[in-house]
Amino acid sequence: FHDCLSLESIQLPDTVTTLGGSIFEDCRQLASISLGAGLAEIPARAFYACSGLEQVVFNSNLTSLGESAFIGCTSLTSLSLPESVTTLGPNVFGGCRSLINFDLPGLVTDIPESAFSGCSSLQSITFSSILERIGTSAFEDCTALDNLVFPTNLTSIGDSAFRDCQSISEVILPKSLTSIEQNAFRNSGIASLTFDDSPAVWGYGVFHSCWNLTTVSLGEGITSIPDD
């Protein structure tokens with residue numbers, strides 16, 4: 001169905017268990033899709049650049065979303081993934097600039113590279129309680145993002161993960177955190193920063209150009225602060 005420019009809706013029967021990569025890529029008029037109960041995985045680039053997509057009805061058996069599955073779906077304002085989902089691919093929702101909020105399914109432990117990069121309307125995200133890793137550029141350029149509450153199992157925040165997130169006002173980092181990679185919060189809007197006795201190793205430029213930062217509280221676990 002690649003480039004079926006007039007396709008507006010589709011309902012997959014329960015008998016469909018597999019979809020090919022890029023199956024609905026560039027179907028720009030596709031507004032709604034319902035996924036049948038037999039489908040466990042959404043493949044890479046399945047809905048790439050489906051700029052008219054507004055509604056996706058997921059089934060309760062879905063376990064994974066592939067790389068760039070919904071990248072460039074600029075009309076999506078909300079999504080409700082089933083709790084059965086355990087894996088998100090890189091760039092999965094990149095450039096979904098109308099997406100306002102998102103609840104991460106409770107079994108997801110890793111947010112991959114550029115998963116929500118460029119989601120400029122994203123205001124809030126609810127992390128799963130067992131989340132361990134936030135990948136490189138995962139939320140870069142999410143300029144409306146605020147209200148971050150990190151889970152107590154989080155161990156790693158990747159390179160440029162929250163870079164240019166200029167609406168973030170307060171960050172409290174959990175003591176479980178062991179690594180904050182370079183430029184993680186560079187040029188963000190942080191005004192208040194608290195480390196909860198975290199022993200995290202910082203990369204360079206983690207808080208570079210945070211012009212609004214007025215209050216910093218460092219826990220006793222911090223032993224070294226790098227350049228920039």
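From a predicted model like this one, the values you see are computed outputs, not experimental measurements.
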Exercise. Are Phe207 and Val216 close enough, and set up right, to give a side-chain contact (heavy atoms from CB on, under 4.5 Å), and what steps lead you there?
Worked result: CA-CA 11 Å; Phe207 301 104; Val216 176; over 6 Å; no
Hydrophobic clusters here meaning ILVMFWY residues chained together by side-chain heavy-atom distances under 4.5 Å, can you tell me if [X] and [Y] are in one?
X      : Y      : result
Phe102 : Val57  : no
Val201 : Val206 : no
Ile125 : Val149 : no
Ile172 : Leu131 : no
Ile225 : Val171 : yes

Exercise. Looking at Thr18, Thr17, Asn61, Leu19, which hits side-chain contact (heavy atoms from CB on, under 4.5 Å) with Leu39?
Worked result: Leu19
Seminar exercise, completed: Per side-chain contact (heavy atoms from CB on, under 4.5 Å), Phe127 is matched among Leu148, Leu154, Asp103 by Leu148
Backbone of [Y] reached by a side-chain donor or acceptor of [X] within 3.5 Å:
X      : Y      : answer
Asn153 : Ser129 : yes
Ser137 : Ala161 : no
Asn59  : Leu62  : yes
Asn91  : Glu67  : no
Glu8   : Leu30  : no
Ser128 : Val108 : yes
Asn187 : Asp164 : no
Glu181 : Asp159 : yes
Ser160 : Thr136 : no
Thr178 : Thr155 : yes

Could you measure the distance from the [atom1] atom of [X] to the [atom2] atom of [Y]? Nearest 0.5 Å is fine.
X      : Y      : atom1 : atom2 : value
Glu25  : Ile71  : CD    : CD1   : 10.0 Å
Ile100 : Cys119 : CD1   : SG    : 11.5 Å
Ser84  : Leu107 : OG    : CG    : 8.0 Å
Ser75  : Arg28  : OG    : CZ    : 12.5 Å
Asp26  : Arg45  : CG    : CZ    : 8.0 Å
Glu83  : Leu104 : CD    : CG    : 9.0 Å

For this session: Decide yes or no on side-chain contact (heavy atoms from CB on, under 4.5 Å) for Glu41 and Thr63, but give the supporting numbers first.
Result: CA-CA 6 Å; Glu41 299 180 6; Thr63 59; 4.2 Å; yes
Does the side chain of [Y] come within less than 4.5 Å of [X]'s, by heavy atoms?
X      : Y      : value
Ile157 : Leu177 : yes
Leu213 : Leu193 : yes
Ile42  : Phe58  : yes
Val92  : Phe116 : no
Cys73  : Cys50  : yes
Ser98  : Leu76  : no
Ser6   : Gln29  : no
Leu53  : Phe24  : no

Problem set entry | Aromatic ring proximity, centroids under 6.0 angstrom, Phe185 and Trp202 | no
Problem set entry | Tyr48 ring center within less than 6.0 Å of Phe93 ring center | no
Exercise. Does the pair Thr74 and Ser51 meet the rule for a side-chain contact (heavy atoms from CB on, under 4.5 Å), with working shown?
Worked result: CA-CA 5 Å; Thr74 54; Ser51 55; 3.6 Å; yes
Problem set entry | side-chain contact (heavy atoms from CB on, under 4.5 Å) assessment of Ser169 paired with Asp146 | CA-CA 7 Å; Ser169 57; Asp146 196 0; 3.5 Å; yes
For this session: May I ask you to decide if the ring planes of Phe70 and Phe47 are parallel, tilted or perpendicular, using 30° and 60° as cut-offs?
Result: parallel
For this session: Mind running ring-ring contact (aromatic ring centres under 6.0 Å, His included) on Phe162 and Phe150 for me, showing each step along the way?
Result: CA-CA 13 Å; Phe162 296 94; Phe150 292 113; 5.8 Å; yes
